[in-house]
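Excluded from the calculations below are hydrogen atoms, water molecules and symmetry mates; all remaining heavy atoms, backbone and side chain alike, are included. Order of appearance sets the numbers: ligands from 1, and atoms from 1 within every ligand.
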Amino acid sequence: MASEILQPLQGMSDISFPEIELWRLLENKARRIFSLYGYREIRTPLLERTPLFLRSLGDTSEVVCKEMYSFEDRGGRDLTLRPEGTAGVIRNLAGLGPAGLNSRVYYIGPMFRCERPQAGRKRQFHQIGVEMTGDPNPRADAECIALQNHLLREVGLKNATIKVNTRGSIEDRKAVSTGLLDALEPNRENLCNDCQRRMEENILRVLDCKNPECQKIVNELPKMTDFMSDESAAYLDEVMKRLEDMGVVAQIDPSLVRGLDYYEHTVWEITHDALGAQDALCGGGRYKLEIGKKSVPGVGFAVGVERTLNALQAEGVEPSLPGMDFWLISLGDAALKTNLKLAQRLRERGLSCQMELETKSMKAQMRKADRARATWAVIRGENELADDIICLRNMKDGTQQEVSCGEALATLERVAE
Ligand code: AMP
């Protein structure tokens with residue numbers, strides 16, 4: 001077994017070639033599509049003051065209760081590695097004054113939650129997310145869901161399901177809690193211990209429980225919308241209609257509540273059958289965050305990168321691996337020095353190339369050229385140097401041609417097009 005020092009921490013992974021090509025595909029598509037909708041990138045620090053998360057995520061959300069990487073730094077400050085992206089982004093936008101209350105921003109980066117590592121749950125995972133600040137508006141929520149759907153389709157994901165629900169307005173909260181509490185009371189003893197606690201702390205979290213016994217009870221409950229105002233039900237209705245107009249297929253899931261406490265009105269989740277128990281790829285919702293003395297309304301989503309890539313692979317999407325335009329093969333020290341100059345010229349012209357930097361056999365160099373998926377090999381030895389030519393070999397069909405050094409650059413540029 002490899003020694004521990006060579007391994008990343010449990011629940012965290014190195015992401016490298018070739019797997020990283022799929023990451024880059026998703027990230028590049030996200031940047032391009034977000035810009036089509038007017039979103040600009042933001043990069044907030046990974047480390048924030050702990051109260052930022054405690055206050056904004058809500059003290060009964062699982063993330064806050066159990067999972068934050070929090071510590072005291074050398075100056076005695078309470079700090080936390082960000083468990084999600086919204087709080088930091090909204091901190092930034094709240095500080096901008098009125099301009100921040102009508103913004104569209106996106107982020108890409110790692111999040112940290114000290115969960116028990118298992119399939120689909122990592123301690124460092126990555127999210128691609130957007131936030132659109134502004135007063136509640138069902139059209140904004142629908143556009144946000146459509147954007148997320150657009151991104152997933154663009155990367156080639158086909159079998160994802162969009163589930164939407166509403167948590168109602170802040171004013172509905174009391175009626176919803178009381179209604180659910182009354183309905184659950186006769187079954188209190190049959191709920192799992194966590195849910196019995198959740199009944200006291202945050203009843204909505206009972207709806208989210210994955211325990212099969214609890215799920216049976218939850219399935220029999222009246223819908224949350226039964227306890228909401230007509231306006232809140234109409235808000236959800238409008239979101240669904242606008243989604244239909246935009247050609248986005250989504251279904252209502254009456255027990256969907258999402259884990260964080262800051263949501264109001266629309267919440268949604270995108271799931272995929274290939275993922276097993278942790279089947280959510282993405283989550284999103286409308287929220288109001290209280291930061292400092294400011295209250296910032298908005299809507300946003302986060303795409304879980306690892307789970308989305310797992311789903312893509314399950315659907316057979318493979319990364320396309322980049323090759324090399326040229327591999328320069330040098331036979332002898334003089335040829336190596338001349339090739340080194342040529343390599344630099346090629347790269348300055350935007351052509352990719354690589355070569356051995358110490359003398360090696362022809363066979364070893366050809367093997368490297370193959371492995372690098374080079375399209376062409378440029379071969380130079382004593383004879384070529386003496387005749388002032390290079391030998392250009394097509395790596396696919398093995399054909400070779402001689403090119404005079406005077407024309408080498410122009411020829412290489414032409415064949416690489
Ligand atoms: P959340 O911020 O909890 O709504 O999560 C949004 C998305 O991030 C989820 O749908 C997952 O795809 C992903 N995610 C959340 N927690 C983890 C985790 N511990 N490991 C891997 N992905 C995660």
Check: Going by the atom numbers of ligand 1, which of them fall below 4.0 Å from some non-hydrogen atom of Cys282?
Finding: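 Ligand 1 atoms under the 4.0 Å threshold to Cys282: 10 (O).
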Pick, from [options], the option with the minimum heavy-atom distance to [atom].
atom: atom 19 (N) of ligand 1; options: Glu115, Arg121, His126; result: Glu115
atom: atom 1 (P) of ligand 1; options: Lys122, Glu269, Met111, Arg113; result: Arg113
atom: atom 9 (C) of ligand 1; options: Gly120, Ala119, Ala311, Ala280; result: Ala280

Notebook entry, point to check: Could you give the distance from CD (Glu264) to OG1 (Thr166), rounded to the nearest 0.5 Å?
Noted result: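 Output value for this atom pair is 9.0 Å.
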What protein heavy atom sits nearest [atom], and how far away is it?
atom: atom 14 (N) of ligand 1; result: Phe125 CE1, 3.5 Å
atom: atom 5 (O) of ligand 1; result: Gln127 NE2, 3.4 Å
atom: atom 13 (C) of ligand 1; result: Gly304 CA, 3.7 Å
atom: atom 4 (O) of ligand 1; result: Arg258 NH2, 2.6 Å
atom: atom 12 (O) of ligand 1; result: Leu281 O, 2.8 Å

Next item on the list: Report the relative orientation of the aromatic rings in Trp23 and His126; use parallel for angles under 30°, tilted for 30 to 60°, perpendicular for over 60°.
Entry: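 Trp23 vs His126 ring planes: perpendicular.
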Next item on the list: Name the orientation class of the two ring planes belonging to Phe112 and Tyr69 (parallel below 30°, tilted from 30 to 60°, perpendicular beyond 60°).
Entry: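 Judged by the thresholds at 30° and 60°, the geometry between Phe112 and Tyr69 is perpendicular.
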Item checked: side-chain hydrogen bond (donor to acceptor under 3.5 Å, both in side chains), paired with Tyr37, selected from Glu143, Arg104, His150 ->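 Among the candidates, only His150 passes.
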Notebook entry, point to check: Do Thr86 and Glu131 meet the criterion of a side-chain donor-acceptor pair at a distance under 3.5 Å?
Noted result: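 On atom types as modelled, these side chains qualify, holding a pair under 3.5 Å.
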Notebook entry, point to check: Can you find a side-chain donor-acceptor pair between Arg286 and Tyr235 that sits under 3.5 Å?
Noted result: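 Present: a donor and an acceptor within the cut-off.
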